[in-house]
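The model shown is predicted, which means the values in this text are computed figures rather than measured ones. Here is how names work: the chains are called A, B, and so on, in the same order as the sequence lines, proteins then strands, and each is numbered from 1.
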Amino acid sequence: MSGVSQDNAVTGNRLTRALIYTVLIFFVIYYLLPLYVMVVNSLKPLDEIRGGNLMALPQNWSLQPWRDAWSAAQIGVEPTGLKPYFANSFKIVVPAVILSTIVGALNGYVLTKCRFRGANVVFALLLLSCFIPFQIVLIPAARILGLLGIAGTIKGLILIHFVYGIGFSTLFFRNYYAAFPTELIGAAQIDGATFFQIFTRILLPNSGPIIVVTVIWQFTNQWNDFLFGASFSGFDSTPMTVALNNLVNSSTGVKEYNVHFAGAILAALPTLFVYVVSGRYFVRGLMAGAVKG
Amino acid sequence: MAALTIENLKKSYGSVKVLKGIDLDIEDGGFLVLVGPSGCGKSTLLNTIAGLEEISGGDIKIGGVSVDGLHPSKRDIAMVFQSYALYPNMTVAKNISFGMEIRGLPKSEIMATINEVAALLQIEDLLGRKPSQLSGGQRQRVAMGRALVRDPQVFLFDEPLSNLDAKLRVDMRTEIKRLHQRLKTTIVYVTHDQIEALTLATKIAVLKDGCLQQAGTPDEIYNNPANMFVASFMGSPSMNLMRAKVSEEAGQFTIEITSGAATALTLPVNGIADLQAYVGKSVMFGIRPEALTDPDGSDKKHGAEIVTRAAVIEVVEPAGSDTFAVARLGGIEAVARLRADAEVEAGQTSSLAFNMTKAVFFDPETELRIR
């Protein structure tokens with residue numbers, strides 16, 4: 001009797017498994033297809049793409065489109081490729097990510113462990129900044145950048161991304177530190193640690209997961225930003241995303257689709273890299289916050 | 001080492017008054033235990049002594065000097081937290097030395113102090129480990145080690161044993177007592193466990209709703225409670241409290257315990273002068289289980305004050321060293337503590353000996369003691 005029901009359970013199990021795998025494999029293909037199209041076509045000479053089949057593998061493999069996209073393609077008026085803009089993006093995003101993460105951590109610390117009157121109001125206002133649409137702040141931001149004399153510069157874009165990043169990084173750190181035992185802060189105070197010693201020696205060393213989460217979040221958002229880049233960058237501070245748009249939309253000459261594909265992949269590589277390297281921390285970090293909070 | 005004095009201490013969060021004017025002191029080298037139910041303000045009181053929370057009124061003096069407004073690190077105190085609050089990113093050695101490092105002591109001195117304290121607490125093998133690799137009892141020791149290296153005027157313990165399992169709790173309790181006898185440093189200790197309070201303290205302060213109910217030696221608190229709350233909070237099983245009617249005949253007070261249709265139980269009372277005011281009225285009669293025994297187990301030196309009465313035994317609970325019996329006294333339930341080999345059986349009527357020298361009386365309205 002029990003033997004029979006066990007058999008049934010096993011076959012039933014196999015069937016469900018097969019079904020689950022079928023669905024999963026279908027979705028994997030569905031999601032990977034665009035990447036496949038981009039990679040395959042970025043490795044073809046242009047006439048093969050024009051020839052017809054986007055899905056076909058290249059007949060003549062060629063890295064030339066990648067080289068062109070990187071260093072020779074016409075972006076706007078200059079035939080520089082994406083290389084200088086790639087560097088611009090790094091110069092903007094790296095300082096902005098570091099600054100907004102540090103300030104977010106400090107905010108989280110003050111909002112949870114040095115409670116002051118109106119702390120919740122301040123936090124609510126900071127939280128609100130996460131939900132303000134970019135378009136609303138464009139004109140005020142342009143005015144302020146002008147007043148500071150950093151309009152159209154890399155510094156200006158760093159400032160914009162840094163300030164815009166504070167809202168989210170504060171949210172992340174505040175919620176993480178809210179679950180951080182206050183007794184530890186008390187113990188450190190009794191040990192004589194100052195405000196910043198507590199921050200650097202007790203809080204930050206125990207913030208690994210949330211730092212990773214914040215950095216990934218800020219990096220991908222700021223790297224992928226187009227609106228601020230398009231609005232506030234000057235001739236030599238244009239970020240990658242805007243340059244990619246200029247490359248794809250350049251109105252002169254033939255449309256070099258293979259170069260466009262290669263450029264698009266290049267533009268996406270850093271965020272992909274960050275995900276692959278620290279993705280598991282991202283999941284772990286979000287989970288840690290969720291369980292503790 | 002220093003005496004600690006708390007004068008009319010008040011603490012409120014907005015409109016919520018947590019501490020309502022506490023007056024308390026402990027002499028140099030004393031062991032003060034703050035005890036009370038959850039939310040009575042005992043941890044808040046400890047935190048204000050530590051300086052982790054500001055006070056709203058009154059004063060706290062350590063060694064005769066007011067510490068109001070002083071930073072926690074400048075009060076010359078050390079604290080052991082309920083959760084131990086070990087720095088998770090540091091090794092045991094670093095945890096212990098962190099405060100000394102901050103104060104900029106020389107390395108050689110830090111190393112010497114760590115080794116000394118580690119030897120005292122028998123945690124030498126653990127110095128290189130992280131807190132996550134320690135068991136509860138080991139964490140407890142490390143937390144105490146971190147407090148010990150400060151060599152403070154006053155130690156503050158915030159329910160340090162409540163996260164340990166029962167056996168370890170008893171061991172650590174003994175160890176804390178031994179440590180106190182050895183160091184002779186003033187200790188303020190918060191607990192909700194009345195056994196811990198009675199075993200450790202030289203002075204117990206019972207708190208309820210932010211008010212001090214009674215402060216005194218363990219013996220005073222246990223045998224001479226100031227009100228019904230203290231009487232029922234301390235002791236396990238807790239004191240039997242029964243409503244009783246007072247009458248007087250030729251200078252002899254008698255109380256009568258009765259409930260519903262049950263036969264009344266009368267007991268003579270001596271030496272409680274203030275009962276005069278309650279003649280013809282009700283009082284609360286309190287008697288601890290150990291003063292309510294089988295006649296053979298009664299305290300013979302109080303011969304004349306031992307009164308024997310028959311009572312119906314409802315439940316018998318053998319507990320190894322003693323046997324507890326739930327009896328009906330004039331219809332009211334009461335717990336008696338009998339010798340382990342006392343011959344009682346559930347459902348039968350047995351004689352119970354009342355040690356009336358241990359009886360206490362309270363006003364049913366004010367719940368205050370009648371002496």
Return a table of donor-acceptor pairs under 3.5 angstrom between the side chains of residues 118-135 of chain B and protein atoms on other chains or two or more places apart.
{"unit_1": "B:Arg129", "atom_1": "NH1", "unit_2": "B:Gln133", "atom_2": "O", "d": "3.4"}
{"unit_1": "B:Gln133", "atom_1": "OE1", "unit_2": "B:Lys130", "atom_2": "N", "d": "2.8"}
{"unit_1": "B:Ser135", "atom_1": "OG", "unit_2": "B:Gln138", "atom_2": "N", "d": "3.4"}
{"unit_1": "B:Ser135", "atom_1": "OG", "unit_2": "B:Gln138", "atom_2": "OE1", "d": "3.3"}

Close approach to chain A in residues 99-115 of chain B, criterion heavy atom under 4.5 Å: B:Gly99, B:Glu101, B:Ile102
Heavy-atom pairs under 4.5 Å with chain A, option from B:Pro72, B:Ala78, B:Gly51, B:Ala50 with the top count: B:Pro72
Closest non-hydrogen atom pair, A:Gly229 against A:Pro239: CA-CG, 3.7 Å
Segment of B:Arg75 engaging chain A (4.5 angstrom heavy-atom cut-off): neither
Heavy-atom pair count under 4.5 Å with chain B, highest-scoring of A:Asn206, A:Ile185, A:Thr182, A:Thr194: A:Asn206
Sub-6.0 Å ring centroid separation between A:Tyr176 and A:Phe180: no
A:Trp217 and A:Phe168 aromatic ring geometry - parallel, tilted or perpendicular at 30°/60° bounds: tilted
Under 4.5 Å from a heavy atom of chain B, the part of A:Gln197 involved: side chain
By side chain to side chain contact (heavy atoms under 4.5 Å, CB included) - contacts of B:Ala143 (at least two apart): B:Val80, B:Tyr84, B:Leu86
Sidechain N-carboxylate O distance under 4.0 Å for B:Asp25, B:Lys203: yes
Residue pairs involving residues 33-72 of chain B (criterion ring pair (Phe, Tyr, Trp, His ring centres under 6.0 Å); sequence neighbours excluded): none
Plane angle bin for A:Phe90 and A:Phe219 - parallel if under 30°, tilted between 30 and 60°, otherwise perpendicular: tilted
